[in-house]
Each structure stands twice: as structure tokens, then as C-alpha cells.
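The figures that follow rest on heavy atoms only: side chains count, while hydrogens, waters and symmetry mates do not. Chain identifiers are assigned alphabetically (A, B, ...) following the order of the sequence lines, protein sequences preceding nucleic acid strands; residue numbering begins at 1 within each chain.
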Amino acid sequence: MKAKTVKAKVITGNVAAATAVRLCRPEVIACYPITPQSEVAEQLSAFVADGLLDAQIVEVEGENSAMNVVCAASVAGARVFTATSSYGLVYMYDTLLQAAGFRAPVVMVNVNRETPGIHAVSSGQQDLISTRDSGWVQIIVENDQEIVDQIIMAYRIAEDYNIQLPVMVNYDGYYLSYLAEAVEMPDQADVDAFLAPLKKQPPRPKLVPGEARGCGTHGIEMGYVEARYKHCMALDRVKNHIDKIDKEFSEYFGRSYGGQIEEYRCNDADIVIIASGSAAGTTRTVVDTKRAEGVKVGMVKLRLFRPFPEERLVQALKGKKAIGVIDRSVSFGWKYGPMCMEVRALCPKLGSSVPILSYIDGLANLDINIPHVGRVIDEVAAAANGKPYQDVTWIPMEEQR
Amino acid sequence: MVIKHKNVFETESAWSDANKQMLCLDTGGWRTERPVLDQTKCNYCGLCCLYCPPQCMLDKSDHYEANLAFCKGCGICAHECPRGALTMVPEGDFNQ
């Protein structure tokens with residue numbers, strides 16, 4: 001570890017995010033406030049007003065403009081940031097695609113919240129799932145410390161010359177956005193040093209006044225195919241890159257998150273539970289309890305959702321007797337949860353007879369609590385022993401409240 | 001996978017330099033009518049050039065002429081001309 005030791009402070013996830021962004025020194029910010037993200041926008045404005053951050057904040061009338069502003073500033077060469085949530089994320093959908101198509105290294109925080117058309121100001125990953133195929137790198141974090149560390153790492157991913165892609169850092173609304181926990185905020189000099197390798201890279205193409213250049217405007221026939229192919233190849237490169245950056249981060253700051261996925265007590269496990277976001281914390285606790293009772297269970301925390309960490313997951317899940325996937329969202333038109341669907345796509349490489357149980361839980365701020373995860377582990381363990389199981393379980397629908 | 005394609009873009013992202021390569025379609029092929037000028041009525045006001053959507057009007061010093069490689073034949077120039085100097089003539093009336 002090279003970083004200066006810092007004292008932990010108890011702060012909310014939103015304040016943690018805004019402070020981490022400040023340390024990364026973005027030059028242009030455009031954020032439209034929306035619950036549960038508003039505190040991020042407010043904090044960043046306060047930092048600029050107080051002279052703690054030298055950035056231009058562009059006041060916009062909505063999220064669509066917010067993404068347009070940061071996308072344009074990014075192709076003009078600036079380091080940019082924006083943050084949103086739910087309705088805001090889907091309101092910027094076309095510009096979201098544009099930023100990805102332009103290969104603009106935008107870093108965005110998305111505070112996960114349920115989406116329309118059932119109005120719910122509550123936590124859930126439906127907004128993330130609704131933008132799954134937008135061409136962005138999508139990362140999900142578990143706690144306030146990981147928010148800080150992942151935002152810093154996000155710039156090393158987005159702005160890397162071999163990547164050049166926008167990165168969306170997702171964290172659970174309410175559970176992380178508003179609840180405070182102890183966070184070690186890195187020193188400015190250490191963040192500067194960690195981001196310094198970006199300055200040594202070849203300059204990426206940018207808009208220059210007086211030069212007739214276009215970006216993403218001329219996708220005729222093979223130009224379109226080529227741009228899409230390069231985009232997909234770049235997303236594929238993100239997988240190893242995120243592992244590399246995580247390793248570098250842990251050597252510098254002493255904290256590691258496993259890169260694409262975190263494998264927790266998986267090595268000798270018979271069964272594995274896959275969870276993401278704040279629910280991974282609960283799952284880890286229950287895995288420990290069940291281990292003490294003699295159940296050979298492990299957890300995979302899915303950190304990288306797009307690109308999907310195929311190779312790492314196959315490695316972690318190969319030979320397991322049964323798998324359970326906890327989704328905090330639904331897939332319209334497929335009975336399994338969205339993340340479960342993705343895991344099921346690994347079947348040809350895992351052995352197609354392995355039971356993969358889908359659990360839908362935690363929608364609309366309903367807790368993915370300890371008894372729920374306990375139930376998941378019990379049922380997946382039973383399935384591993386050849387007992388009959390149901391493919392999909394909506395946990396709250398089987399409870400009388 | 002064996003890639004045989006020769007890259008259109010020099011950069012990782014889809015950047016192009018309009019001074020070297022416009023990378024846009026030969027939109028003239030879409031045309032069913034073309035603007036024909038009666039030079040006796042034209043006073044070189046430039047409105048046809050200002051209104052032209054693909055900006056294909058070429059400045060000929062005393063009048064403007066559509067670049068037929070890009071003119072889509074939309075007819076806006078003829079519609080906007082205050083002196084009625086431009087007429088849209090069906091492509092079938094021309095040899096090429």
C-alpha cells in the first residue's frame with residue numbers, strides 16, 4: 001500500500017459519491033436532480049460554490065440535456081461527470097446510446113430505483129436493466145466505500161485509450177444513497193497519482209474549433225458495421241482491464257473488490273448464490289451462518305453486469321451442484337430474473353443439467369433480508385441433492401404480510 | 001474469426017475528417033426532379049443557397065447551381081425563389 005492512511009468518516013453514499021467525483025477533478029458536470037440521486041447534484045454544486053472543485057457546472061432543464069452536455073464536452077476532450085436515477089436514466093435514453101456510440105468516456109453514477117409506469121420512489125435495479133443494451137460499461141457496487149473506490153477506478157476504465165467507453169456506476173437507492181457508513185476518503189494527492197497514468201496515453205481524438213471533424217455521424221454501411229464491431233471488442237477488453245485496475249488499486253490503496261466478480265467462499269463450495277449491490281452484504285452474512293451449520297455454500301457478487309463476465313463466472317461456477325440467482329428486477333417476457341437469464345446463458349459451458357434457481361426479491365424497497373437469503377440457500381442446497389425445485393420464486397409473493 | 005474488412009475509420013471511435021473524406025451518401029441518386037434556372041429572372045439573391053437542406057448550391061459568381069451529385073430534388077430552392085427563376089423538371093426529361 002502506498003496511499004496515505006486516512007481516518008474514516010461516517011457519510012451517506014451520495015456524499016461519498018460526490019466527494020469521490022471531486023477528487024477525480026472533472027472539468028464539466030451537468031446533473032439534473034432526481035430522488036434518490038439529488039444529494040449528489042447538490043453536493044457537487046456546493047463544492048464548486050465553495051471553491052473546492054474547479055469545474056464548470058451546466059444547469060440543464062432535464063436529463064436528456066444533461067447527457068447531451070457531458071457527451072459533447074467529453075468529445076471536446078473534457079473529463080466529465082453526471083449522475084441520475086430511474087426516470088432520469090430513461091429520459092436520457094437516446095443520448096445514453098449516443099454517448100456510447102461516440103465512445104465518449106463519460107462517467108455516470110446511477111442510483112438504482114424502480115422505473116415507470118408504476119410510480120415507485122423506491123430501490124430496485126429495474127433502471128439498470130432497462131438500459132442493459134445501451135453499450136455502456138455497467139458496474140454495481142455494494143457499499144459506500146466501494147462507491148468511492150469504484151468511481152475513482154471508473155475514470156481509469158472509461159478514459160483508457162484502449163477502452164474509450166462510458167461507465168455507469170450503480171448503487172442501490174435508499175440502502176446506500178441515504179444510509180451512512182464509515183468511509184475512508186482517499187487523499188487528493190493519492191487520487192491524482194492513481195489517475196496520472198491516463199496523462200501518459202496517446203491523446204484521444206477530439207473536436208477542435210476550425211477543424212471539420214465529425215464523430216458518430218457517418219455510419220454508412222461498412223462504417224456502421226466497423227464501429228459496432230470495434231465497440232463490442234472494446235467492451236470485451238473491459239473485462240480483463242477491470243481486473244487489472246482492481247489489482248493496481250489494491251496495491252495502491254489496500255482495498256480489493258475482485259474486479260469483474262467477487263468470489264466469496266466459492267472454492268470448496270457445492271452451491272453458489274449470485275447476488276449484487278447491497279444485497280451482497282446480506283448474502284455474505286448468511287453464507288457465513290450456513291457455513292457454520294455445515295452447508296458448503298459460497299457467494300458470487302456480480303460487480304460487472306455489462307460486459308457480462310462470462311469467463312470469470314464459468315471459472316467460479318464450473319462443477320457446482322446448484323446455483324441460485326437473486327434478482328432485484330424483473331425481465332418482461334422471460335419468467336427468470338434478468339441476471340438469472342444471463343447466468344443460464346452460461347449453461348453450455350457449465351453443464352446443462354445444473355439446477356439454476358431464479359429468485360425475484362427486493363423490488364420496491366422490500367428488503368432482501370436474512371430469512372430470505374437463508375431460504376434461498378436451503379432451497380438451492382436441496383436442489384443440489386436432487387430434490388424437486390421451482391424455476392422461479394417471487395419471494396415476497398409467497399409471504400403473507 | 002478472420003477479418004477481411006479494411007477499416008473505414010482511422011480512429012477507435014467513428015471519427016471522420018470532412019476535409020479528407022465526407023463519408024456520406026451520393027444523395028443525388030434519390031432525385032426524381034432537378035432545379036433548372038432561368039438566368040434572365042435570377043438576381044443572385046442567394047435565398048436558394050440559404051434554404052438548401054444538403055447545402056449543395058454552388059456559387060457561380062452571378063447565380064447558384066445545384067451540385068447534382070448531392071441535390072435530392074426536394075424543390076425547396078424553387079419554392080423559396082422570390083422571382084420564380086427555378087423550376088423543378090422531372091429527371092425523365094434529361095438524358096442523364
Side-chain angles (χ1 to χ4, degrees), chain A residues 71-72 74-77 97-106 135-137 157-167 198 201-238 241, chain B residues 1-35 44 46-61 63-77 80 91 96:
Chain A
C71 180
S74 182
V75 292
L97 302 181
Q98 180 180 279
F102 282 15
R103 306 286 303 274
V106 176
W136 280 58
V137 175
I157 299 163
E159 292 182 9
D160 190 278
Y161 190 77
N162 290 316
I163 305 289
Q164 297 184 46
L165 281 169
V167 175
L198 291 170
Q201 300 199 338
R204 61 187 168 88
K206 59 181 183 184
L207 294 173
V208 178
E211 283 184 25
R213 313 185 78 186
C215 179
T217 52
H218 303 312
I220 304 294
E221 295 171 350
M222 276 314 290
Y224 186 93
V225 180
E226 178 192 319
R228 287 295 196 230
Y229 180 75
K230 283 177 170 171
H231 190 153
C232 289
M233 292 301 109
L235 278 165
D236 204 57
R237 291 196 292 275
V238 168
H241 186 71
Chain B
M1 201 167 109
V2 183
I3 307 284
K4 292 180 181 169
H5 169 68
K6 197 170 167 289
N7 278 354
V8 176
F9 301 108
E10 290 167 11
T11 49
E12 173 67 21
S13 39
W15 284 84
S16 57
D17 184 340
N19 292 322
K20 291 180 190 161
Q21 192 185 18
M22 256 313 275
L23 289 182
C24 73
L25 279 178
D26 180 2
T27 48
W30 305 358
R31 196 176 59 244
T32 58
E33 292 179 334
R34 70 171 70 167
Y44 191 43
L47 277 178
C48 57
C49 173
L50 283 175
Y51 278 99
C52 174
Q55 287 288 290
C56 73
M57 282 296 184
L58 303 169
D59 189 346
K60 297 287 182 185
S61 301
H63 70 284
Y64 288 91
E65 229 172 74
N67 178 345
L68 293 178
F70 294 103
C71 170
K72 301 173 190 170
C74 69
I76 289 175
C77 54
E80 293 299 333
E91 283 299 317
Q96 49 160 21

Keeping A:K230 on the side-chain end and B:A14 on the backbone end, is there a donor-acceptor pair under 3.5 Å? no

At what distance, to the nearest 0.5 angstrom, does OG1 of B:T11 lie from CD of A:Q164? 8.0 Å

Grab the two heavy atoms, one from B:F9 and one from A:E226, that are nearest each other, plus how far apart they are. N-OE2, 3.1 Å

With distance as the sole test, does B:E12 use its side chain to make a donor-acceptor pair with the main-chain N or O of A:Y161 at under 3.5 Å? no

Report yes if some heavy atom in the side chain of A:L207 is under 4.5 Å from a heavy atom in the side chain of B:W15; otherwise report no. yes

